[in-house]
Protein chains: 2
Amino acid sequence: MVTLSDVAKEANVSKMTVSRVINHPEQVTPELKKLVIQAMEELDYHPNSVAQALVNNRSNVVEFVTLEDIDTTEPYYMNLLFGFAKGLAKKQYALQLVTDRTKIEQSNADGYLITGARNGDYELFDQLKKPFVLFGENHRGFDFVDTDNKAGTRMATEYALSRLYKHIIFVGIDLKEPFEYSREAGYINTLQKRQLIPQIYRVSNHSHSAQSLIKKMYQDFKKDTCFVCASDRIAVGIIRELENQGAKVPDDFGVIGFDGVFLDQVSSPKLTTIRQSIFKMGDLLAGMLLQKIAQSGSPQGEVLIEPTLVRRGSTR
Amino acid sequence: MVTLSDVAKEANVSKMTVSRVINHPEQVTPELKKLVIQAMEELDYHPNSVAQALVNNRSNVVEFVTLEDIDTTEPYYMNLLFGFAKGLAKKQYALQLVTDRTKIEQSNADGYLITGARNGDYELFDQLKKPFVLFGENHRGFDFVDTDNKAGTRMATEYALSRLYKHIIFVGIDLKEPFEYSREAGYINTLQKRQLIPQIYRVSNHSHSAQSLIKKMYQDFKKDTCFVCASDRIAVGIIRELENQGAKVPDDFGVIGFDGVFLDQVSSPKLTTIRQSIFKMGDLLAGMLLQKIAQSGSPQGEVLIEPTLVRRGSTR
DNA sequence: TTGTATGCGTTATCAT
DNA sequence: ATGATAACGCATACAA
């Protein structure tokens with residue numbers, strides 16, 4: 001293993017100048033700097049992050065916390081996780097996976113990325129001693145990254161109208177959470193701009209719940225209706241039951257999902273959906289968290305990422 | 001932060017006795033041991049794993065490497081990952097996610113868990129300088145954990161026979177890999193024991209490939225046939241196309257999948273499948289890898305985990 | 001059996 | 001601007 005000392009010897013300087021070249025390059029003269037950099041390359045030196053961690057009283061580890069108790073291994077979160085991991089790798093950070101909220105502070109992690117937070121969870125956050133960032137909209141001043149949910153449903157609704165569906169119905173998730181309110185708002189605003197009356201149903205975020213809804217209400221739905229959904233799961237359930245009822249998708253009914261992760265592709269027909277850049281958001285969150293740690297907890301703000309409309313077979 | 005010294009002071013001993021109580025408890029007298037343990041609990045002492053890592057020349061980080069270039073965020077791998085993470089947590093280890101094989105040795109990880117290895121990958125392994133374990137059957141002497149693939153397809157085949165399907169067809173994955181050979185063997189052996197003739201098709205591991213197969217061959221398949229599949233993806237594709245052709249599942253045709261992760265539940269009808277205990281295997285692999293690291297590379301052997309048959313709507 | 005001294009690789013502090 | 005020293009928390013080697 002090549003250490004600071006090795007580089008120092010090679011460059012005929014002290015360890016400290018080498019350390020400074022790495023951490024405070026402006027404090028060392030260009031000549032020496034050049035010598036040191038040359039030596040580092042020659043020896044293929046890489047700082048030992050464990051030793052760095054020790055002096056800095058850090059662990060170089062952060063936690064990826066999943067609070068939502070649904071199946072945590074679903075592709076949606078996993079894209080986030082891989083994006084997050086990519087962001088961490090840039091700074092030699094590693095991660096630990098936590099699904100049990102009581103174990104959050106067990107390890108000596110430097111910070112947390114928290115996903116799946118619900119209204120009831122916020123008290124928990126106030127007690128956290130280490131920096132954290134959230135994945136998911138909130139309006140309590142916690143740093144977060146999320147999709148621009150309002151823009152997403154606006155895009156979906158406008159697209160449905162442009163495909164000449166006469167009635168646009170929103171099927172949301174029956175959760176009193178900010179992301180759901182935003183998605184409903186995007187739909188409502190778009191319809192109202194055109195003097196149309198919003199019509200909203202809410203179901204739990206499972207395909208069979210959506211399926212039940214359609215089964216029960218099928219008679220009430222007229223042809224030329226497009227369902228704008230708050231998730232791909234819901235969209236998949238709607239399509240399934242529409243077809244069970246003998247309806248034609250996308251000709252009689254259109255269906256637009258929200259998420260664009262995995263389910264949209266295994267569905268048949270493939271889903272028109274609002275695709276979230278989950279991977280990218282994970283990467284971003286890693287950057288925010290690491291910066292927050294480096295700056296001992298300074299606020300990082302709120303970031304909304306524009307989703308994209310993916311046109312496929314579930315709309316005409 | 002509570003350190004060794006703090007505990008030492010509290011217990012009126014030197015740092016070393018405290019250290020020994022942790023690492024070599026047999027070397028210290030019961031009386032002192034009791035004192036030290038009491039002090040540790042009183043102060044709620046937890047060893048600083050970073051400092052431990054530094055003296056031991058380790059990082060307390062391992063890599064989770066995914067070589068297969070399919071969508072790496074699919075639930076199958078994610079269950080493994082969460083099981084692995086659980087196993088690591090027991091020893092305060094963290095992980096890094098790697099999907100780019102050229103980056104495996106970039107970090108200073110202590111070892112690797114490698115998944116999705118194919119025949120062409122084995123040369124790579126010989127060059128690895130750190131301990132590693134594989135997820136997936138191999139016969140080149142590398143330590144691994146896998147499902148007992150042969151037992152799995154044996155169970156599936158026997159179950160199909162017990163449900164009085166007259167013809168049992170195996171639809172495998174067209175890969176020349178050990179796990180596939182084992183799955184085929186389990187099927188073949190079971191049929192031969194009963195003097196029945198095996199009939200095998202192979203497709204790529206995507207639902208639409210399986211769908212194409214059925215579309216092309218549908219005329220050749222008699223009623224009362226059960227398809228024993230090498231994956232749930234394949235099973236889902238088969239069901240979809242059978243129903244497109246107007247056949248009745250499970251009455252006319254039975255379908256049995258293999259994996260039991262996610263897809264089997266979103267399928268309709270839900271899949272009868274051979275469920276692998278992926279999460280458990282991940283946990284196990286973590287234990288093996290950590291032990292291998294602790295024992296500086298000692299072989300850990302090969303472990304086969306019995307899968308379970310899940311009976312559901314795709315068989316009668 | 002227990003304690004002392006030393007070092008792991010790095011950085012902050014203080015002196016030059 | 002550069003260097004010597006000490007310190008982070010722990011464990012190995014050696015001494016008592």
Side-chain angles (χ1 to χ4, degrees), chain A residues 1-40 43-61 91-93 107-110 293-296, chain B residues 1-40 43-61 91-93 107-110 293-296:
Chain A
M1 159 172 270
V2 182
T3 74
L4 263 191
S5 308
D6 298 328
V7 177
K9 256 179 232 162
E10 178 77 16
N12 273 315
V13 296
S14 76
K15 298 196 297 184
M16 273 318 297
T17 31
V18 181
S19 175
R20 274 195 264 262
V21 168
I22 297 169
N23 300 298
H24 311 283
E26 74 285 357
Q27 294 181 14
V28 41
T29 53
E31 299 83 52
L32 275 191
K33 206 186 311 188
K34 197 180 290 178
L35 273 177
V36 170
I37 291 176
Q38 215 168 347
M40 294 200 301
L43 300 176
D44 191 30
Y45 168 76
H46 294 282
N48 181 327
S49 58
V50 174
Q52 292 179 319
L54 182 62
V55 290
N56 295 325
N57 193 24
R58 298 238 172 78
S59 63
N60 284 6
V61 171
K91 305 275 186 190
Q92 293 267 47
Y93 257 74
S107 83
N108 42 57
D110 297 335
I293 290 169
Q295 302 173 349
S296 45
Chain B
M1 160 174 268
V2 183
T3 74
L4 264 191
S5 308
D6 298 327
V7 178
K9 257 178 231 162
E10 177 77 16
N12 273 319
V13 296
S14 76
K15 298 196 297 183
M16 272 318 299
T17 33
V18 181
S19 174
R20 274 194 265 263
V21 169
I22 298 170
N23 300 299
H24 311 283
E26 73 283 358
Q27 295 181 13
V28 42
T29 54
E31 298 82 51
L32 275 191
K33 208 185 313 189
K34 197 180 290 178
L35 273 177
V36 170
I37 290 176
Q38 214 167 349
M40 293 199 301
L43 301 176
D44 190 31
Y45 168 75
H46 293 283
N48 180 327
S49 58
V50 175
Q52 290 179 319
L54 183 62
V55 291
N56 294 325
N57 192 25
R58 290 218 241 279
S59 63
N60 284 7
V61 170
K91 305 275 186 192
Q92 292 269 44
Y93 258 73
S107 83
N108 42 56
D110 297 336
I293 290 170
Q295 302 173 348
S296 45

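Proteins come first, then strands; the chains are lettered A, B, ... in the order of their sequence lines, and each starts at number 1.
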Given atom CG of B:L35 and atom C1' of C:dT1, what is their separation to the nearest angstrom?
-> 15 Å
Do B:N12 and B:L35 have side chains that get closer than 4.5 Å, going by heavy atoms?
-> no
Ignoring hydrogens and angles, tell me if any N or O in the side chain of B:S59 forms a donor-acceptor pair with the backbone of B:N108 under 3.5 Å.
-> yes
Option among B:M40, B:K33, B:K34 that satisfies the side chain to side chain contact (heavy atoms under 4.5 Å, CB included) test with B:V36 = B:M40
Could you check which residues of residues 46-60 of chain B get a heavy atom under 4.0 Å from DNA chain C? Sort them by number, please.
-> B:L54, B:V55
Within this structure, what is the CE-to-C1' distance between A:M1 and C:dG9, rounded to whole angstrom?
-> 8 Å
Quick one: how far along DNA chain D does chain A reach, first to last nucleotide 5' to 3', anything under 4.0 Å to a heavy atom?
-> D:dA1 to D:dG9
May I ask you to say what B:I22 touches in the nucleic acid, namely base, sugar-phosphate or nothing, with a heavy-atom cut-off under 4.0 Å?
-> nothing
Residue A:L4, side-chain heavy atoms: nucleotide from C:dT4, C:dT11, C:dG9 that is nearest = C:dT11
Taken to the nearest whole Å, CE/B:M16 to C1'/C:dA5 is 11 Å
Heavy-atom nearest pair, B:N48 first then A:L54, reads ND2-CD1, 4.5 Å
From CG of A:N23 across to P of C:dG9 the rounded distance in Å is 17 Å
Measure the spacing between CE of B:M1 and NE2 of B:H46 and express it to the nearest 0.5 Å.
-> 10.5 Å
Distance below 4.0 Å between B:S14 side-chain N/O and C:dG3 OP1 or OP2 = yes
Does some side-chain heavy atom of A:T3 sit less than 4.5 Å from a side-chain heavy atom of A:K15?
-> no
Proximal nucleotide (of C:dT2, C:dA5, C:dA12) relative to the B:L32 side chain = C:dT2
Can you tell me how far CZ of B:R20 sits from OG of B:S14, rounded to the nearest 0.5 angstrom?
-> 6.5 Å
5'-most contact on DNA chain C: A:T3 or B:K15, nearest heavy atom basis?
-> B:K15
Does the side chain of A:N60 come within less than 4.5 Å of A:V50's, by heavy atoms?
-> no
Evaluate whether atom NZ of B:K9 has more than 12 neighbouring non-hydrogen atoms of other residues, nucleotides or ligands under 6.0 angstrom away.
-> no
How do A:Y45 and B:T29 order along DNA chain C: which one's closest nucleotide is nearer the 5' end?
-> B:T29
Using whole Å, report how far CZ of A:R20 lies from P of C:dT13.
-> 12 Å
Report yes if at least one side-chain N or O of B:T17 is closer than 4.0 Å to OP1 or OP2 of C:dT2; otherwise report no.
-> no
